[in-house]
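Here the structure is laid out as C-alpha cells; the discussion comes afterwards.
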Number of protein chains: 2
Amino acid sequence: MKIVRSQQVSGTLPKRRHEVIRWDGWGYKDCKFEFRDGVISFRGDRYPIAGKRLNNFRHWIEELFDLNLEKDIRPRVAEPSTFPEPIRNHLFLEDLRKAGVNFSEDGMDRVIRGHCQTLVDLQVLREHRYERIPDVVVWPSCHQQVVEIVDVAVKSGVVLIPVGGNTSVSLAVSTPAIYDRTIAVIDMTQMNRMLWVSEENLTACFEVGIVGQDIERELHKHGYVLGHEPDSHEFSTLGGWIATRASGMKKNRYGNIEDIVERVKLVTSKGVLEKKFTAPRVSIGPDFDHVILGSEGTLGIITEAVVKIRRIPEVRHYESLVFADLETGIRFLREVAERRLQPASIRLLDNEQFKCGILLDPPAMFGNLYEVFKRFYLSKICRFHLDKIVAVTLLFEGVKSEVVHHEKQVYTIAKKYGAVKGGEKNGRKGYMLTFVVAYIRDFAWDLSIYGESFETSVSWDKCLALCTNVKACIVRSCQARGIKHFVVSCRVTQSYDSGACVYVYFLFKHLGAPEQAVQLYEEIEDEARDEVLACGGTLSHHHGIGKTRSKWYPASVSQVGVQLFRAIKKELDPGNTFAVGNLIPDEMMKAKL
Amino acid sequence: MKIVRSQQVSGTLPKRRHEVIRWDGWGYKDCKFEFRDGVISFRGDRYPIAGKRLNNFRHWIEELFDLNLEKDIRPRVAEPSTFPEPIRNHLFLEDLRKAGVNFSEDGMDRVIRGHCQTLVDLQVLREHRYERIPDVVVWPSCHQQVVEIVDVAVKSGVVLIPVGGNTSVSLAVSTPAIYDRTIAVIDMTQMNRMLWVSEENLTACFEVGIVGQDIERELHKHGYVLGHEPDSHEFSTLGGWIATRASGMKKNRYGNIEDIVERVKLVTSKGVLEKKFTAPRVSIGPDFDHVILGSEGTLGIITEAVVKIRRIPEVRHYESLVFADLETGIRFLREVAERRLQPASIRLLDNEQFKCGILLDPPAMFGNLYEVFKRFYLSKICRFHLDKIVAVTLLFEGVKSEVVHHEKQVYTIAKKYGAVKGGEKNGRKGYMLTFVVAYIRDFAWDLSIYGESFETSVSWDKCLALCTNVKACIVRSCQARGIKHFVVSCRVTQSYDSGACVYVYFLFKHLGAPEQAVQLYEEIEDEARDEVLACGGTLSHHHGIGKTRSKWYPASVSQVGVQLFRAIKKELDPGNTFAVGNLIPDEMMKAKL
C-alpha cells in the first residue's frame with residue numbers, strides 16, 4: 001500500500017528559527033549547561049539529564065583546567081542589533097516576488113543562517129564580527145519553486161547557498177567572502193513534507209528540508225523508522241546529510257546516507273539531475289547519485305529524495321563492556337566487524353573518555369560503574385589498570401530472536417578479550433548523552449575553554465597507531481605552545497569490514513582573546529590532521545571537506561580528480577551560481593566562472 | 001600480517017586464448033553439448049554433468065521446437081583463415097616496440113577479442129562477417145605500461161578498447177565501426193597479479209586483468225575468498241566487473257562490485273584517476289569511484305583495485321523449496337529480504353524454468369523431484385498445480401552456528417508461505433548447473449534455435465506484474481511474427497531491501513537465415529525492453545548499457561545526466577582515445593572529439 005501525504009510538517013525549525021534555537025552556538029535556546037549556586041546543572045526539560053546536580057563535572061573542570069567557577073565564567077554577548085546592509089539584487093527580489101516565493105532581509109534571519117558550528121563561526125558570532133552575512137534568506141515551498149529560484153538566480157547573477165540546519169562543522173555553509181554579488185541563502189527547512197510511503201517497498205519520499213527528528217516522528221506514525229542518526233540528528237536535514245555524505249550512529253543496521261538514498265533530485269543551473277526511476281540497484285553507466293552525494297552545495301540544490309525505511313524495531317537493547325586497554329578494545333571491535341555481528345551501534349571510548357564518564361554523574365555515563373570498579377573489582381581482582389581501561393557501548397535493534405542470538409555471539413567474543421560487562425544502564429546512558437554532549441562546548445567557551453572534535457576513517461591495521469599518534473601529536477602541539485591545561489581523547493564510533501571511524505576530542509584553556517584561542521585551536525587541529533594523514537587516516541569519514549579541509553583535497557583525490565570536479569562543476573554550474581566555495585575554494589570557484 | 005606476492009598468475013586466459021576458449025561462442029573449447037548416437041550429452045570433464053545422457057533434454061527440445069535431432073543439426077563453421085588487413089599506425093607500433101610492450105596483429109588474436117557474447121556477435125563470428133575487427137592486440141604487463149600505452153595512443157590518435165574475458169552481453173567490447181583510426185584492443189588478462197593481501201584489513205590488491213576463478217584460486221591458497229560470482233565468473237575479469245558494475249550470485253554475503261571495491265586506479269588520457277588512500281568509507285566530496293564503476297571503457301583503463309575479501313566460509317549449505325505459484329514465491333523472497341535474513345544466494349525460478357529442470361536429468365535440476373511430485377505428492381496431497389509451481393534455490397555460507405540459525409528462520413518464513421522442501425541436492429544442482437547452462441545457446445544455434453537472456457531491476461511492488469507482463473509481451477511479439485516454437489521464462493536472481501533483479505529467458509526456432517533470426521530476436525527483445533520500462537523496470541541491473549541499450553540511456557539518466565557524462569568524458573578523454581562508443585554511441589563519441 002502506498003500512503004500518500006502532502007502536508008507540510010510542523011517541523012523543529014520554524015522560519016524564525018532563532019526563536020527556538022540558539023543563534024550563537026549549539027541547540028535549543030531553552031537548553032544549556034549552567035553554573036548557579038555552586039552547582040553545574042543542565043537547564044531545560046528536553047533531555048533526561050535536566051535538573052541533575054553535576055558535582056563531579058564541576059570538580060573535574062576546576063581541577064583539570066585550574067579554574068574557579070565562582071569567578072571565571074564570562075558572560076555571553078547579547079544578540080546583535082545592527083547588521084550589515086544587504087547587497088540587493090533588485091531583479092532577483094522582484095522575480096521572487098512575482099513567483100510568490102517567500103524571503104526575508106531581516107538581520108537575525110540572515111545572521112543565523114550564515115554560519116556553521118565550528119569554533120571560527122562561534123567566535124565570529126559571539127564577537128559580532130561578521131566579515132560577510134547572507135543578503136537575503138529565501139524559503140522555497142516545493143521542488144518547482146526551487147527550479148524557479150535557480151532560474152532567476154542564474155539570470156540575475158545571484159549566489160545561492162542552500163542550507164538546512166546549519167550544523168556543518170566544516171565551514172560548508174559559512175558565507176563566503178564574495179562582495180560583488182548578492183548572496184541568497186536558500187533555507188530548505190520549510191520544504192519538509194513526507195510525500196509518500198511505500199509499505200511494499202519500504203521506501204519513502206521526502207522533501208529534503210525535513211529535519212532528522214521530524215522524519216522519525218512522521219515515520220513513527222506509520223510504524224516505520226529511517227534509522228539515520230548522526231549526532232546532529234535533532235537539527236540537521238536529509239538534504240544536508242546527502243550533500244555531506246553523512247553517517248549515522250546506527251549505520252550498521254540502517255546504512256550510511258549513500259545506502260539509504262535510492263533516488264535524489266538535484267536542481268542545477270542546467271536543469272534537474274536525477275535518475276528517472278526508483279530501483280534498488282542498476283548498472284547504467286557512472287552513478288551520478290554519487291556526484292550529488294558529497295556535492296556540498298557546489299553543484300545545485302537537492303530537493304527531494306526517496307529513502308529506504310524499516311519497521312520500528314521489536315526490541316532495542318543497550319549494553320556496555322569494559323576492556324583492559326585500547327588495543328584490546330579495538331581488537332574486539334575488529335572481530336565483531338569481521339564476523340558481521342555488528343549491533344546497530346558499537347562504539348569504543350578510550351580511557352580519557354571512560355574517565356570523563358564520572359563528569360556527568362548523576363546520571364552518570366559509567367559514573368557509578370567507575371566508582372565500583374575503583375573501589376573494589378578492578379584493582380583487587382582483575383589485572384585492569386584504571387588508567388588504561390576502555391569502554392564499549394552497544395545498541396542492538398531488531399526482531400527479538402535476532403537480537404538475542406546476536407548478543408550472545410557478541411558477548412562470546414567479548415569474553416575472549418577479557419571484557420567485563422558494564423550493564424545495560426551504562427550502555428543506554430552513553431547513547432542518551434550523545435545529544436547533550438554537544439551543549440558542553442558553549443558552556444566551555446564561557447570558561448575560556450575551547451574545543452572541538454574532528455574525525456577520520458582508517459583501516460584496522462592502522463587504527464591503534466593513529467589513535468595513539470594523533471593524541472601524542474596534540475600533546476606535543478600544546479607543549480610547544482605552552483598550553484598547560486588541556487584534555488585529548490578519542491573514540492571509535494563506526495566499524496566496517498576493513499576499518500573504522502575515529503573521533504578525536506580536544507579541549508584546552510586559553511585566557512587570551514577568543515580570536516587568539518581559535519587561531520591556536522586551528523593550528524593544533526591542522527597539525528593533528530597532518531598526523532592523521534601521515535598515519536594513513538583520511539580527510540574525513542562523514543563531516544566532509546567544506547572550507548576547513550579543502551587544502552588537503554587535491555592530495556586526497558589526485559589532480560585528475562580535482563580537474564574532474566572542476567569539469568563537473570563547469571558543466572552543471574557554468575555561471576557559478578553555487579559559489580559557496582567548498583572543496584576547491586579558489587578564485588575560480590568564488591567568482592563567476 | 002601483509003602477504004606480498006607479485007608473480008603473474010598462470011591464468012585461465014593465456015595470450016593465445018583461442019587455444020583454450022571457443023572463438024565462436026561461449027566457454028572452454030573442449031566443452032560443449034553434443035548430439036551423438038541418438039543422445040544429447042555434455043562433452044568435457046570440467047563440469048559434473050559431463051558424460052551424462054540427457055534424454056529428457058532431447059525429448060523436450062524435439063517436442064517443443066518440432067525438431068528431429070537426427071536431421072536438424074547444422075554443422076559449425078570452421079575458424080576463419082583470412083582476416084581484414086589491419087589499419088596500421090606505425091608511430092604507435094614503433095612506440096610500443098620501444099617501450100617493450102607485447103602486441104600481436106595475428107588474425108585470430110584480433111577476431112576473438114573484437115566481440116562480446118550477444119547473438120549479433122555470434123552471427124558475425126559464425127558467418128565470418130566482420131564489419132570491423134581490432135587492428136592490433138596489446139598485452140600490457142603492469143600499471144606503468146598501461147600509462148605508457150595510453151600516452152602513445154593519445155599522441156598517435158589510436159583508439160584503445162580495454163578487454164578482459166570478452167563476456168559482455170551488451171556489445172560493450174564489440175569493435176565500433178571506426179575506419180579512420182587504428183583500433184587497439186588492450187587485453188588486460190596478462191595483468192593478473194595478486195599484489196598483496198592484508199589479513200588484518202581483509203583486503204587484497206589485484207591487477208584487474210585477473211579472471212574470477214583465478215582470483216578465488218589464489219585467495220584460497222591463503223584461506224580467503226572474494227565471493228563475487230557472476231554467471232561469467234569462469235572467464236570475466238575484475239576490471240570487467242568494475243567497468244560494468246557487475247553483480248554476483250552471492251551478493252547478499254559478499255556485496256556487489258561497488259561494495260567490494262575499496263580503491264581503484266583508472267588510467268585516463270589526462271593521468272591516473274584514483275583516491276590517494278585506502279579506507280572503508282569517506283566523505284570527501286563526490287565519489288569518483290562511482291564514475292569509474294560503470295564507465296564501460298569510455299573513460300580510460302582500469303589497472304589495479306583493492307578489494308574486500310573474507311575467510312573461506314566454515315560451512316556451505318544448499319537447499320531448495322517449492323511454492324504454489326510465482327506470486328507466493330515473490331512474497332517469500334520479499335519477506336526474507338525485509339527481515340535481512342538473506343542467504344548468500346536466493347533465487348526464484350518460475351514454472352517454466354522449474355519444468356525445464358527435467359531437461360538436464362540426470363543429474364537433474366529438480367528432475368527427480370519433479371517426477372516424484374508429479375506422480376504422487378503435489379497432485380494428490382497438496383493444492384499445488386504442476387503448471388503453476390515455482391522453485392527457490394538457496395545457498396547459505398558462513399560460520400556454522402550462524403548458518404543454522406539463519407536457515408531455521410528462513411524455513412519458518414517458507415512454511416508460512418506453504419513451501420515444500422525440495423532438498424539440498426536439488427538446491428546444489430541448481431547452482432552447479434549455472435555455468436553449464438551458458439553452453440546451451442551454442443548448441444541451440446546449431447538447431448536453429450536462437451535465444452538469450454536479459455535482466456532488469458524492479459521494486460517489489462512491481463515485480464510480479466513485470467514478470468507476467470514481459471512474458472506476455474514476448475508471447476504477443478512471437479505471435480505477431482508468426483513464431484510458433486518458442487519458450488519464455490523468468491527468474492528472480494537477486495533480492496534487495498526494496499526490490500529485486502529479474503532475468504527473462506527467451507528461445508525461439510527460426511529456419512531462415514541466422515541474420516534474419518538475430519534481427520527478429522532483437523526486435524522482440526526491444527519490445528520486451530519497452531515493456532520492462534513501462535512496468536517500472538530499469539535498463540539493466542548488472543549487464544550495463546554498452547551499445548545494445550544506449551538508445552534508452554538518456555531517458556534513464558535525464559538529459560542533464562547525459563550532458564554530465566559528456567562533460568566527464570571530455571575532461572578525461574579530450575582526444576576520444578577511448579572511442580568504444582558505449583553509453584552514447586553517437587558521432588561525437590566515435591570520432592575524435
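Computation of the quantities below employed the complete heavy-atom set of this structure, encompassing side-chain atoms and omitting hydrogens, waters and symmetry-equivalent molecules. Each chain gets a letter, A, B and so on, in the order the sequences are listed, and its residues count up from 1.
Only the side chain of B:Lys308 has a heavy atom closer than 4.5 Å to any heavy atom of chain A. Within the 4.5 angstrom heavy-atom criterion, only side-chain atoms of A:Gln409, from C-beta onward, approach chain B. Using a 4.5 Å cut-off between heavy atoms, B:Gln494 makes no contact with chain A at all. Heavy atoms closer than 4.5 Å to chain A are found in both the backbone and the side chain of B:Ser558. The part of B:Glu262 that comes within reach of chain A is its side chain, from C-beta onward, which places non-hydrogen atoms under 4.5 angstrom from that chain. At a 4.5 Å heavy-atom cutoff, B:Ala337 makes no contact with chain A through either its backbone or its side chain. For chain B, the nearby part of A:Val399 is the side chain; its heavy atoms alone come within less than 4.5 Å. Contact annotation for B:Ala500: only backbone heavy atoms (N, CA, C, O) come within less than 4.5 Å of a heavy atom of chain A. Heavy atoms closer than 4.5 Å to chain A are found in both the backbone and the side chain of B:His541. For A:Thr268, the part sitting under 4.5 Å from any heavy atom of chain B is the side chain, from C-beta outward, and nothing else. Only the backbone of B:Arg253 comes within less than 4.5 Å of a heavy atom in chain A; its side chain stays farther off. For B:Leu341, the part lying under 4.5 angstrom from a heavy atom of chain A is the side chain only. The contact between A:Arg311 and chain B is made entirely by side chain atoms (from C-beta outward), counting heavy-atom distances below 4.5 Å. For B:Leu583, the part sitting under 4.5 Å from any heavy atom of chain A is the side chain, from C-beta outward, and nothing else. Using a 4.5 Å cut-off between heavy atoms, B:Leu572 contacts chain A through its side chain alone, with no backbone atom that close.
Taking A:His405, A:Lys276, A:Glu258, A:Glu296 one by one and counting their heavy-atom pairs under 4.5 Å with chain B, the maximum is reached by A:His405. Heavy-atom pairs under 4.5 Å with chain A were tallied for B:Arg549, B:Glu455, B:Glu402; the largest tally goes to B:Glu402. Of the residues considered (B:Val291, B:Leu273, B:Thr244), B:Leu273 shows the highest number of contacts with chain A, using heavy-atom pairs under 4.5 Å. Among A:Ile545, A:Leu202, A:Thr538, A:Ile284, the residue with the largest count of heavy-atom pairs under 4.5 Å with chain B is A:Ile284. No other option in A:Arg334, A:His543, A:Arg339 has as many heavy-atom pairs under 4.5 Å with chain B as A:Arg334. The most heavy-atom pairs under 4.5 Å with chain A, out of B:Ser540, B:Ala279, B:Gly499, come from B:Ser540. Annotation: maximal heavy-atom pairing with chain A below 4.5 Å, among B:Ile309, B:Val272, B:Thr278, occurs at B:Val272. The most heavy-atom pairs under 4.5 Å with chain B, out of A:Leu539, A:Leu293, A:Asp497, A:Leu564, come from A:Leu564.
Using modelled atom types, no side-chain atom of A:Ser498 and backbone atom of B:Thr203 make a donor-acceptor pair closer than 3.5 Å. Remark: side-chain polar atoms of B:Asn201 are paired, donor with acceptor, to backbone N or O of A:Asp461 under 3.5 angstrom.
Within the 4.5 Å cutoff, the side chain of B:Arg310 has heavy atoms near those of the A:Arg340 side chain. Put simply, the side chain of A:Lys270 does not reach to within 4.5 Å of the side chain of B:Gln559, judged on heavy atoms. Under the 4.5 Å side-chain criterion, counting only non-hydrogen atoms from C-beta, B:Val557 is not in contact with A:Lys275. Residues A:Cys501 and B:Arg281 form no side-chain contact, since every pair of their non-hydrogen atoms from C-beta on lies 4.5 Å or further apart.
Between A:Gly285 and B:Arg245, the shortest heavy-atom contact is O-CD, 3.6 Å. Closest of all the heavy-atom pairs between A:Ser459 and B:Pro280 is N-CD, 4.4 Å. Residues A:Gly294 and B:Pro286 share a closest heavy-atom pair of O-CD, 3.5 Å. Between A:Ile568 and B:Ile568, the shortest heavy-atom contact is CG1-CG1, 3.9 Å.
Using a 4.0 Å cut-off between charged nitrogen and carboxylate oxygen, B:Lys570 and A:Glu571 do not count as a salt-bridge pair. The pair A:Glu200-B:Lys462 does not meet the salt-bridge criterion, since no charged nitrogen lies less than 4.0 angstrom from a carboxylate oxygen.
Going from atom CG of B:Asp289 over to atom CG of A:Asp287 covers 12.0 Å, rounded to the nearest 0.5 Å. We find the CG-CG distance between B:Asp259 and A:Asp259 to be 8.0 Å, quoted to the nearest 0.5 Å.
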